[in-house]
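All residue numbers in this chain count up from 1 along the given sequence. Side chains included, hydrogens not; waters and symmetry mates left out as well; all remaining heavy atoms used.
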Amino acid sequence: MVNLLIHPRYKDNTTNLNFDQVFDICLTYFAKIPDHYDCTIILAGKNRVRQLNNQYRGINSPTDVLSFSSGDMDPETGRIYLGDIIIAYQIALEQARRANHSIETELCILVVHGILHLLGYDHADDHQKDLMWKFQKEILDRLSISVEIP
């Protein structure tokens, strides 16, 4: 299940998105049962994401998406909390415009990317990057989103 937190400034622009579906498709791609997992997706401002990026990664600039994994299990429900995905809405909008696709498409790309990070994938070296981009493309194909992955 996805807990969605959207800054009020961006709420009207995200009504067509089904983040639960994106989450479910990502997890079933890796043969994980979505009903056993939770995460939080936060759509925030660029300045807030810059602050978090500086605080946790030592990089004093905004980025499009941050992921903070958890892996903790809720003893009452038995569900695993994968973690938090924080997306800078303004950056997502700029990237959507540059790529000539909708903000909904860009947000789906960033959510998939964030979920892959929560599942332990990274792009720190060429091998990891190739693998993560492969998974990202295959998941986006399952969502009927056709984009170029850099």
Could you tell me the separation between the [atom1] atom of [X] and the [atom2] atom of [Y], rounded to the nearest 0.5 Å?
X      : Y      : atom1 : atom2 : answer
Ile80  : Leu118 : CD1   : CG    : 12.5 Å
Ile103 : Tyr89  : CD1   : OH    : 4.5 Å
Leu116 : Met132 : CG    : CE    : 5.0 Å
Gln136 : Ile115 : CD    : CD1   : 10.5 Å
Cys39  : Leu27  : SG    : CG    : 8.0 Å
Glu104 : Ile109 : CD    : CD1   : 11.5 Å

ring-ring contact (aromatic ring centres under 6.0 Å, His included): pairs with one or both residues in residues 39-64, sequence neighbours excluded: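 Listed by first then second residue: Tyr56-Phe68.
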Qualifying ring-ring contact (aromatic ring centres under 6.0 Å, His included) pairs with a residue from residues 26-46, counting only residues at least two apart or across chains: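 Every pair satisfying ring-ring contact (aromatic ring centres under 6.0 Å, His included) with a residue in residues 26-46: Tyr29-Phe135, Phe30-Tyr121, Phe30-Phe135.
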Using the test side chain to side chain donor-acceptor pair (under 3.5 Å), find all partners of [X] that sit at least two apart in sequence or belong to another chain.
X      : value
Asn47  : none
Arg142 : none
Ser70  : Asp72
Ser67  : none

Taking [Y] as the starting point, is it possible to reach [X] by hopping between hydrophobic residues whose side chains are less than 4.5 Å apart?
X      : Y      : value
Leu119 : Phe23  : yes
Val112 : Ile25  : yes
Leu131 : Trp133 : yes
Ile6   : Val49  : no

Non-hydrogen side-chain atoms of Arg57 and Leu66 separated by less than 4.5 Å: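 Touching, per the 4.5 Å side-chain cut-off.
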Close side-chain approach of Asn53 to Pro62, heavy-atom, < 4.5 Å: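 No; the side chains remain at least 4.5 Å from each other.
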For Ser144, all residues meeting side chain to side chain contact (heavy atoms under 4.5 Å, CB included), sequence neighbours excluded: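 Listed in chain order: nothing, the list is empty.
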For Asn60, all residues meeting side chain to side chain contact (heavy atoms under 4.5 Å, CB included), sequence neighbours excluded: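 Expected list: Arg50, Asn54.
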CG/Asp74: more than 12 non-hydrogen atoms of other groups inside 6.0 Å: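 Correct, the count exceeds 12.
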Check: residues 81-88 side-chain donor-acceptor pairs under 3.5 Å, at least two apart:
residue	atom	partner	partner atom	Å
Tyr81	OH	Thr40	OG1	2.6
Tyr81	OH	Gly83	O	3.3
Tyr81	OH	Asp84	OD1	2.3

Contacts of Asp130 that satisfy salt bridge (charged side-chain N to carboxylate O under 4.0 Å, His left out) - sequence neighbours left out: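 Result, salt bridge (charged side-chain N to carboxylate O under 4.0 Å, His left out) vs Asp130: none returned.
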Contacts of type salt bridge (charged side-chain N to carboxylate O under 4.0 Å, His left out), residue Lys32, not counting sequence neighbours: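 Lys32: no salt bridge (charged side-chain N to carboxylate O under 4.0 Å, His left out) contacts found.
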Derivation of the side chain to side chain contact (heavy atoms under 4.5 Å, CB included) call for Leu43 and Leu107: CA-CA 9 Å; Leu43 299 184; Leu107 290 172; 4.0 Å; yes
Donor-acceptor contacts, no H, no angles, side chain residues 91-99, under 3.5 Å, sequence neighbours left out:
residue	atom	partner	partner atom	Å
Gln95	NE2	Asp64	OD2	3.3
Gln95	NE2	Glu106	OE2	2.7

Plane angle bin for Tyr10 and His7 - parallel if under 30°, tilted between 30 and 60°, otherwise perpendicular: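 Judged by the thresholds at 30° and 60°, the geometry between His7 and Tyr10 is tilted.
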Taking every non-hydrogen atom, the tightest pair across Gln128 and Ala124: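 Closest heavy-atom pair between Gln128 and Ala124: OE1-N, 3.3 Å.
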Working for side chain to side chain contact (heavy atoms under 4.5 Å, CB included), residues Ile145 and Ile139: CA-CA 9 Å; Ile145 296 174; Ile139 292 167; over 6 Å; no
